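Read through the structure below, which is laid out as structure tokens, and then see the notes.
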Amino acid sequence: MARHASLLARLLIVLAISLTTIGGRADEARIIQLKHRPAAEIIPLLRPLLAPEDALSGVDYRLIIRTSDNNMKAIERLLAQLDVAPRQLRITVEQRAMDDRSTTTHSVEGEVQVGDHARIKLPGKATDDRGLVVQKDDLRLRAENRETASRNAAVQTVLVQDGQHAYIRIGQSVPHVKKILALGRHRAVLTQGIEYQDVTTGFDVVPRAHGDRVRLEITPRLSSLRDPATGLADFQELATTVEAKLGEWIELGAILGQHDEVDRAILESAATESGERRRIRLKIE
């Protein structure tokens, strides 16, 4: 560690001497010790203040500048605003997916006598006895209603510095069998291989704070596995740039879907209603 510091100090001296040799005056080259921001982050912001004959370089948290006294004063004023501790921001993203499905079925089954020499038989389906069954003689009227609901929710929080990129992911890699048809010279061969489907939930974000507001570039994703055998997965994903106030929840996006389906046959009908509601919101603290 001491050897590294010695080499770094000598490198800074060599750079400073080189800059002063070009400029001709030793007091024009200065080394500025930064407190919070690395030189690589500050240098692009200072270059517009320099004249064509000026020079600027840096190592780690040190700047080496050769410029006029007037420019140096302007640079020092700007550094007082730039070289500050970055803010720590806590970003919370809530993702929810809700799917509801309702199916109503009506049917008639049984037998009925038609005159003295004929009977009509209405075969029933091999179902359980859930629902309402009304029987009159040998005829039965069946009414059934089924409702299903699924919920998938995730709340994730990440701590990130102002202006830096962060991401958070949770999930699983699900193996599934994939069939591959290989064509040979004389025949086709069906082979199998293993593939992995990533089912993850999380988000990527880059925040930039100004005052009590934060500008965000964010991409949240919510996934759920539908069929482990095939790796089929449902997911929702959004990419956007928004501005939010500190401490307030804001809605990033929502998806509302509705689907109605009706099937009819002789003495039988079925109606299915399904709906989905998906929402994403966030808060910055």
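These numbers were taken from a predicted model, which means no experiment stands behind them.
Scanning all heavy atoms of the two residues, the minimum distance from Val84 to Ala80 falls at CG1-O, 3.8 Å. Closest of all the heavy-atom pairs between Ala40 and Pro44 is O-CD, 3.2 Å. The two residues Gly253 and Leu238 make their nearest non-hydrogen contact at CA-CD1, 4.0 Å. Considering every non-hydrogen atom in both Pro86 and Arg37, the closest pair reads CA-NH2, 3.6 Å. Closest of all the heavy-atom pairs between Ser57 and Ile43 is C-CD1, 3.8 Å.
Looking at heavy atoms from C-beta onward, Leu50 lies in side-chain contact with Ile75 at the 4.5 angstrom threshold. No side-chain heavy atom of Leu282 sits under 4.5 Å from any side-chain heavy atom of Glu94. For the pair Leu63/Leu46, a side-chain contact is recorded, criterion being any heavy-atom separation below 4.5 Å from C-beta on. At least one side-chain heavy atom of Ile218 sits under 4.5 Å from a side-chain heavy atom of Val93.
Atom CZ of Arg87 sits about 5.5 Å away from atom CG of Leu246, to the nearest 0.5 Å. Taking CD from Glu237 and CD1 from Ile280, the interatomic distance works out to 9.0 Å, rounded to the nearest 0.5 Å. Summarising the geometry, atom CG belonging to Leu79 is positioned 11.0 Å from atom NZ belonging to Lys35; distances are rounded to the nearest 0.5 Å. Atoms CG and OG1, on Leu222 and Thr201 in that order, are 4.5 Å from each other to the nearest 0.5 Å. One finds the CD atom of Glu285 at 10.5 Å from the CG atom of Leu159 (value rounded to the nearest 0.5 Å). Atom NE2 of His36 is separated from atom CG of Asp83 by 6.0 Å, given to the nearest 0.5 angstrom.
Criterion: ILVMFWY side-chain heavy atoms under 4.5 Å apart, direct or through other members. Under it, Leu252 and Val160 are part of a common hydrophobic cluster. With hydrophobic clusters built from ILVMFWY side chains whose heavy atoms lie under 4.5 angstrom apart, Leu45 shares a cluster with Ile32. A continuous path of Ile, Leu, Val, Met, Phe, Trp and Tyr side chains, each step under 4.5 Å between heavy atoms, connects Leu82 with Leu34, placing both in one hydrophobic cluster.
Electrostatic pairing of Arg47 and Asp54 does not count as a salt bridge here, judged by no charged N lying under 4.0 Å from a carboxylate O.
One N or O on the side chain of Arg66 and one on the backbone of Glu53 form a donor-acceptor pair closer than 3.5 Å. In this structure, Gln33 contributes its side chain and Tyr61 its backbone to a donor-acceptor pair below 3.5 Å. For Arg208 (side chain) and Val214 (main-chain N/O), no donor-acceptor pair under 3.5 Å exists by modelled atom type.
Side-chain N/O atoms of Arg221 and Ser223 include a donor and acceptor closer than 3.5 Å.
Residues passing the side-chain hydrogen bond (donor to acceptor under 3.5 Å, both in side chains) test with Arg90, sequence neighbours excluded: none.
A salt bridge (charged side-chain N to carboxylate O under 4.0 Å, His left out) with Glu251 is found for exactly one of Arg96, Arg279, Lys283, Arg281, namely Arg279. The only member of Val206, Leu89, Ile91 that meets side-chain contact (heavy atoms from CB on, under 4.5 Å) when paired with Leu216 is Ile91.
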Stepwise side-chain contact (heavy atoms from CB on, under 4.5 Å) check, Ile250 with Lys245: CA-CA 9 Å; Ile250 66 167; Lys245 189 175 181 179; over 6 Å; no
side-chain contact (heavy atoms from CB on, under 4.5 Å) evaluation trace for Gln156 with Ile170: CA-CA 9 Å; Gln156 296 174 308; Ile170 60 171; 3.3 Å; yes
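The side chain to side chain donor-acceptor pair (under 3.5 Å) contacts involving residues 159-169 comprise Arg169-Asp204, where partners must be two or more places apart or lie in separate chains.
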